Amino acid sequence: MSLKETLEAKIEGWRPRTSRLVKEYGDVKISDVSIGQAIGGARGVKMLVTDISYLDPNEGIRFRGYTIPETLAMLPKVPGREMPYVEGHIWLLLTGEVPTEAQTLELVEDLKRRRGLPDYVKAALRALPSDTHPMAMFSAGIVAMERESEFVKAYNEGLGKMDYWRPTLEDALNLWAKLPELAAFIYRLKYKNDEQIPADPSLDFGGNFAHMMGIPEPYDDVARLYFILHSDHESGNVSAHTGHLVASALSDVYYAASAMIDGLAGPLHGLANQEVLRWIQGVMEKMGGAEPTEEKMKEFVWETLNSGQVIPGFGHAVLRKTDPRYMEQRNFCLKHLPDDPIFKYVDMLYKVVPPILEEQGKAKNPWPNVDAQSGVIQWHYGLREYDFYTVLFGVGRALGVMSNIVWDRALGYPIERPKSVTTAMLEEAAGIA
Ligand code: HAX
């Protein structure tokens, strides 16, 4: 079966489950909200539904029920390479099924046909001031393509609600196909004198991205691993939630993806991956290029904390253990770059930071998250412009966000509209009015 047919069957089977829950069990409570949660960023409030991934605080993320090692092991692999096709992962996220090799290759070819960055996007990006952050360029590039939306055309022609997911899927496939090219274009425009490398029609999503970046093997596998690991982290994180929220107004995926990139660009979220490298570079500079000892590293960690800053790459709003995405990247480093000096610093931080955060007693989770490790691999393979790192995260996150939007449309999720209260109302509820 094709992707569309597989998805169609899944959606038909799923709709009665959602409608039954709403119609017959709509009043069943799954969460209570405290004053602390209302002021504190809705931490722990169960109010979103997704079947695409689930984040267990102790175990970490599962994509469609599969752990990261399981996902990487069972998806069809690119011949001669260690990592699976990103396209196979898209299939898994969308349908919940592990695609066959033939299905994966069909999607590889489908996405190839949808490639090609419009000239007006290139012109718009070239017109931006040269100090524009790559995330701002990425967001602008995506929203500039909004005029391509198939959903908007179909909606304006009176498409019925049950069919909203179909042109949304078209939009998602079109945008997924263009994101590696958009990211590579921004990289080469900003850091490589606008010397662009044309796409290679023989290569898959990850392989073609590495090619357009101008970075040789095994960077293709790094890209595949990176995009898969960052694809989804259930729905409550800032980028995923923003994508869902914006799309809930029936804004098309170009608007939603651009907005989710804006959320990802914050230093407490995706930008943490560039901050880790910036922080380590700062430490090295202070040491005059010498390798910091464990004692020195501890001093720098305390210095950062005492100046009121966070240690980037550590802590998490949901996780309470080391992030399995961190571990997967650490395993990659141990295998491919065990002697890299930056990897050694990052590994030293893994030893040094958690006990310090525990001693400080503020962070609920002292363990490293995905961002602590990801910059090292990029740095090792020659991508040293660390303010570009979050764009890579964004290409990955778009896989999960847009898969979710297709399902939001398929299940008819309404416009999101939580209720706010005033401070006086909270005081009254607390009995201190
Ligand atoms: N360094 C120093 N202090 C930290 C900390 C860290 N790494 N992590 C948490 N804390 C502090 C918080 O700032 C907070 O302090 P205040 O009470 O003074 O406000 C306190 O510990 C309690 O916070 P928390 O409940 O443990 O954590 P939150 O759910 O509020 O925030 C964050 C989660 C990820 C934002 C937080 O851990 C953090 O700022 N980490 C560093 C930045 C980072 O690595 N972000 C990326 C996270 C993963 C991700 O989303 N990637 O995209």
Side-chain angles (χ1 to χ4, degrees), residues 34 36-45 53 55 57-58 60-61 68 135 138 226-243 260-280 282-283 297-298 300-330 346 349-376 378 386-401:
S34 66
Q37 288 170 313
I39 296 178
R43 216 54 104 256
V45 179
S53 67
L55 179 59
N58 292 309
I61 195 69
I68 289 171
M135 283 297 271
F138 197 41
Y226 206 91
F227 296 150
I228 291 171
L229 287 186
H230 289 83
S231 60
D232 210 31
H233 220 221
E234 68 169 40
S235 284
N237 63 80
V238 170
S239 50
H241 189 196
T242 305
M260 78 85 178
I261 291 296
D262 300 343
L264 194 66
L268 296 187
H269 191 18
L271 205 78
N273 61 8
Q274 85 163 46
E275 295 302 286
V276 172
L277 256 284
R278 201 158 67 101
W279 189 83
I280 291 177
V283 170
M297 202 60 125
K298 283 181 189 164
F300 287 124
V301 171
W302 274 116
E303 208 177 281
T304 303
L305 289 176
N306 291 337
S307 68
Q309 291 168 276
V310 296
I311 306 298
F314 286 78
H316 201 272
V318 178
L319 276 169
R320 293 297 174 255
K321 284 273 164 65
T322 297
D323 192 333
R325 301 172 299 174
Y326 174 92
M327 290 312 284
E328 200 61 48
Q329 294 183 94
R330 183 168 187 268
V346 167
L349 287 173
Y350 189 25
K351 253 201 206 159
V352 162
V353 174
I356 294 182
L357 285 178
E358 273 174 345
E359 191 183 329
Q360 193 205 27
K362 276 176 40 170
K364 292 191 189 68
N365 174 35
W367 302 105
N369 59 58
V370 64
D371 297 317
Q373 190 72 246
S374 55
V376 184
Q378 301 298 332
Y386 48 75
D387 55 357
F388 185 74
Y389 293 172
T390 318
V391 173
L392 303 170
F393 194 151
V395 175
R397 183 50 53 91
L399 307 179
V401 166

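Worth saying up front: this structure is predicted, and the values here are computed from it rather than measured. In listed order, ligands and their atoms are each counted from 1.
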Chemist: For atom 13 (O) of ligand 1, what is the closest protein heavy atom, and at what distance to 0.1 Å?
Modeler: Val310 CG1, 3.9 Å
Chemist: Can you tell me how far apart CD (Glu328) and CD1 (Ile61) are? Round to the nearest 0.5 Å.
Modeler: 13.5 Å
Chemist: Does ligand 1 have a heavy atom under 4.0 Å from the side chain of Asn369, from its backbone, from both, or from neither?
Modeler: side chain
Chemist: Closest non-hydrogen protein atom to atom 8 (N) of ligand 1, residue and atom name please, with distance?
Modeler: Ala363 CB, 3.7 Å
Chemist: Strictly inside 4.0 angstrom of atom 23 (O) of ligand 1, do you find any protein heavy atom?
Modeler: no
Chemist: How close does the nearest protein non-hydrogen atom get to atom 44 (O) of ligand 1, and which residue and atom is it?
Modeler: Gly313 N, 2.7 Å
Chemist: If you scan the protein for heavy atoms around atom 19 (O) of ligand 1, do you find one that is closer than 4.0 Å?
Modeler: no
Chemist: Considering only residues two or more places apart or on different chains, which pairs with a residue in residues 389-400 satisfy side chain to side chain donor-acceptor pair (under 3.5 Å)?
Modeler: Asn237-Arg397, Ser239-Arg397, Asn273-Thr390
Chemist: Which residues pass the side-chain contact (heavy atoms from CB on, under 4.5 Å) test with Pro312, sequence neighbours left out?
Modeler: Glu275, Val276, Trp279
Chemist: Would you tell me which option among Tyr326, Phe314, Phe393 has the nearest heavy-atom contact to atom 38 (C) of ligand 1?
Modeler: Phe314
Chemist: For the OG1 atom of Thr304 and the CD1 atom of Ile311, what is their distance to the nearest 0.5 Å?
Modeler: 4.5 Å
Chemist: Please state which protein non-hydrogen atom is closest to atom 39 (O) of ligand 1 and give its distance, to 0.1 Å?
Modeler: Leu268 CD2, 3.3 Å
Chemist: So Val391 and Ile261, side chain to side chain contact (heavy atoms under 4.5 Å, CB included) or not? Walk me through it.
Modeler: CA-CA 8 Å; Val391 173; Ile261 291 296; over 6 Å; no
Chemist: Using a 4.0 Å heavy-atom cut-off, say whether Leu305 meets ligand 1 through its side chain, its backbone, both or neither.
Modeler: side chain
Chemist: Considering only non-hydrogen protein atoms, determine which one is nearest to atom 27 (O) of ligand 1 and report residue, atom name and distance to 0.1 Å.
Modeler: His316 O, 4.5 Å
Chemist: Starting from atom 1 (N) of ligand 1, locate the nearest protein heavy atom and write down its residue, its atom name and how far away it is, to 0.1 Å.
Modeler: Ile311 N, 2.9 Å
Chemist: Quick check: closest heavy atoms across Ala272 and Gly313, and the distance to 0.1 Å?
Modeler: CB-N, 4.3 Å
Chemist: Show the numbers, then the answer: is there a side chain to side chain contact (heavy atoms under 4.5 Å, CB included) between Phe393 and Gln274?
Modeler: CA-CA 11 Å; Phe393 194 151; Gln274 85 163 46; over 6 Å; no
Chemist: At under 4.0 Å between heavy atoms, which part of Leu357 makes contact with ligand 1: side chain, backbone, both or neither?
Modeler: side chain
Chemist: Within the 4.5 Å heavy-atom criterion, are Ile228 and Ile68 side-chain neighbours or not?
Modeler: no
Chemist: Is there a donor-acceptor pair closer than 3.5 Å between any side-chain N or O of Gln378 and the backbone N or O of Gly375?
Modeler: no
Chemist: Can you list the atoms of ligand 1 that are under 4.0 Å from a heavy atom of Gly270?
Modeler: 52 (O)
Chemist: Examine His233 together with His269 and report whether their ring centres are nearer than 6.0 Å.
Modeler: no
Chemist: Given side chain to side chain contact (heavy atoms under 4.5 Å, CB included), test Ile356 with Leu305 step by step and report yes or no.
Modeler: CA-CA 10 Å; Ile356 294 182; Leu305 289 176; 3.7 Å; yes
Chemist: At under 4.0 Å between heavy atoms, which part of Asp371 makes contact with ligand 1: side chain, backbone, both or neither?
Modeler: side chain
Chemist: Judged on heavy-atom distance to atom 42 (C) of ligand 1, which of Gly40, Gly315, Gly266, Pro267 sits nearest?
Modeler: Pro267
Chemist: Quick test of your reading of the structure: of Arg43, Lys364, Lys362, whose heavy atom lies closest to atom 16 (P) of ligand 1?
Modeler: Lys362
Chemist: Out of all atoms in ligand 1, which are within 4.0 Å of some heavy atom of Ala272? Include the element for each.
Modeler: 43 (C), 44 (O), 45 (N), 46 (C)
Chemist: Tell me if a side-chain donor or acceptor on Asn369 pairs with a main-chain N or O of Gly315 at a distance below 3.5 Å.
Modeler: yes
Chemist: For ligand 1, note which part of Ala317 has a heavy atom under 4.0 Å away: side chain, backbone, both or neither.
Modeler: both
Chemist: May I ask whether atom 32 (C) of ligand 1 is less than 4.0 Å from at least one protein heavy atom?
Modeler: no
Chemist: In the protein, which heavy atom is nearest to atom 50 (O) of ligand 1, and how far is it?
Modeler: His269 ND1, 2.9 Å
Chemist: Are Glu275 and ligand 1 in contact, using a heavy-atom cut-off of under 4.0 Å?
Modeler: no
Chemist: Check the pair Val301, Leu349 against side chain to side chain contact (heavy atoms under 4.5 Å, CB included), reporting the backbone distance first and the verdict last.
Modeler: CA-CA 9 Å; Val301 171; Leu349 287 173; 4.2 Å; yes
